[in-house]
Amino acid sequence: MKLYNLKNHNETVNFAKAVKLGLGQQQGLFFPVKLPTITPIQLSEILKLDFITRSTEILSKFICNEISKDKLYKHVKKAFSFKHPLQVPITKNIHCFELFHGPTLAFKDFGARFMAQMIFSLNTKNESVTILTATSGDTGAAVAHAFYKMKNVRVIILYPKGKISELQEKLFCTLGKNIKTISINGSFDDCQKLVKEAFNDKKLKESIGLNSANSINISRLLAQICYYFEAFSLISEQQRNNLVVAVPCGNFGNLTAGLLAKSMGLPIKSFIACTNANDTVPRFLQNGKWYPKKTVSTISNAMDISQPNNWTRIEELFYRNKWNLKELRFGSVSDDITQETLKELFQLGYVSEPHAAIAYRLLQNQLKKDEFGLFLGTAHPAKFKNTVEKILNNNISLPDELKNRINLPLLSYNINPDFNKLKEFLVEN
Ligand SMILES: *Cc1c(COP(=O)(O)O)cnc(C)c1O
């Protein structure tokens, strides 16, 4: 698999290098030179396969010249070794596609665990690797658990202090061993900036074998393509003809993966890019002006991102496929409406959480007659227990993954958003 840097098309790398580097020169994102496709006949065959076999087929379209299909199958099996996504009917023409049944209760388990497998598999010389990543809540846990106790790998996770839920924090800041967590006195965008600065520091990068695990890492995106096919395999022929998928967006990795699935030949009619008040993309799609505002905190904190990294990939994908950005549906939802929507879903017999509720709201508003809608359930409601309980006035029980960690002490360090401080930490710890 060959990829080019979106900021400098002359920089090309193979999959192994793209996974290892995370970002290219000038912090450019990598993008596939060839976009593999499957025919409608191949599609109907592939949809009949089980999740692991099908996912291997999909991923091999991108990377089988670098990792054999047999080997890939073993990695996919290990990465996706948890309860598969579930589809839950909410109304007659709207279902929730729940992606949160992995070990850290968010869809990020798919990408993070596959990436961990790839880094392990591609590290043939047993070099020491430092994974440095920023999280707005759920990536941290997914990455930490995916790499926990993995040989030759040290993981460092930055997160905005006080801006992730207590349970989110407990899930990954209590592990210890090869997992180090640092709370930053700032926003998620500040954390992301620190990570970028570290990657720009060539000397540092080489001396500690720096690797990123954000949704910018191509291996994570590829893994996420797989569950869109799974969603499609679970719906009826009629529903398949008019499928609209609503994606709760933060860094826009999830939506990028969905669009990649469509680009391969999965006939999803339309996507809705859903955001909270951090609405840079909806405003851009409305008026053509890219004008990020200061990030604001919302109850859907994993989406509190005003400069989404993956957006350039989406633009490239539209350009390469000769799609029109006008076809992308979009919307943003305030905290007030999100709360009302959570109550509305509860009335319908479904306990949700703020991120998915935003996607449901926009889907329900925008779905046309004869269309069938899926909204992605990106996290388990228990991860946002306090918020959800307050809004619904109802108790939410904790799944075992959380129950086991809730009383453990936090092991995080704390620093200001100052690159020199981070550098010191990276060298000393
Ligand atoms: C990360 C996350 C999102 C946003 O996903 P992106 O791929 O960054 O757009 C949405 N919901 C939840 C619960 C998340 O953890």
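Indexing begins at 1, ligand by ligand and atom by atom, following the structure's order. FYI, side chains are in, hydrogens and waters are out, and symmetry mates aren't considered; it's all heavy atoms of this structure.
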Point to revise | For Phe384, ring-ring contact (aromatic ring centres under 6.0 Å, His included) partners two or more places apart | key: His355
Practice item. Return a yes/no value for Gly253: is any of its N or O atoms, backbone included, closer than 3.5 angstrom to an N or O of ligand 1? Key: yes
Review point. Does the distance from a Lys or Arg side-chain N to an Asp or Glu carboxylate O, for Glu371 and Arg329, drop under 4.0 Å?
Key: yes
Point to revise | Under 4.0 Å to a heavy atom of Phe252 - the qualifying atoms of ligand 1, by number | key: 6 (P), 8 (O), 9 (O)
Check your understanding: Is any side-chain N of the basic residue among Asp279 and Arg283 closer than 4.0 Å to the acidic one's carboxylate O?
Key -> yes
Check your understanding: Can you name the nearest heavy-atom pair linking Val143 to Ile131, along with the distance?
Key -> CG1-CG2, 4.2 Å
Point to revise | Subset of ligand 1 atoms that lie under 4.0 Å from at least one heavy atom of Ala302 | key: 2 (C), 12 (C), 14 (C), 15 (O)
Review point. Quick one: do Asp400 and Lys403 make a salt bridge, cutoff under 4.0 Å?
Key: yes
Practice item. Could you say whether the N/O atoms of Gln224 and ligand 1 ever approach to under 3.5 Å? Key: no
Check your understanding: Which atoms of ligand 1 have any heavy atom of Met303 under 4.0 Å away?
Key -> 10 (C)
Exercise for review: Before signing off on this row, confirm whether Phe107 and ligand 1 have an N or O atom pair separated by under 3.5 Å.
Suggested key: no
Check your understanding: Could a heavy atom of Phe100 be found less than 4.0 Å from some atom of ligand 1?
Key -> no
Practice item. May I ask you to check whether Phe330 and Phe271 place their ring centres under 6.0 Å from each other? Key: no
Exercise for review: Considering the heavy atoms of Lys108, write down every atom of ligand 1 situated less than 4.0 Å from one of them.
Suggested key: 1 (C), 2 (C), 3 (C), 14 (C), 15 (O)
Review point. Can you list the ligand 1 atoms lying under 4.0 Å from a non-hydrogen atom of Cys249?
Key: 9 (O)
**Study point:** Nitrogen or oxygen of Asn254 less than 3.5 angstrom from that of ligand 1
**Key:** yes
Check your understanding: Which pair of non-hydrogen atoms, one from Leu23 and one from Phe30, has the smallest distance, and what is that distance?
Key -> C-CE1, 3.6 Å
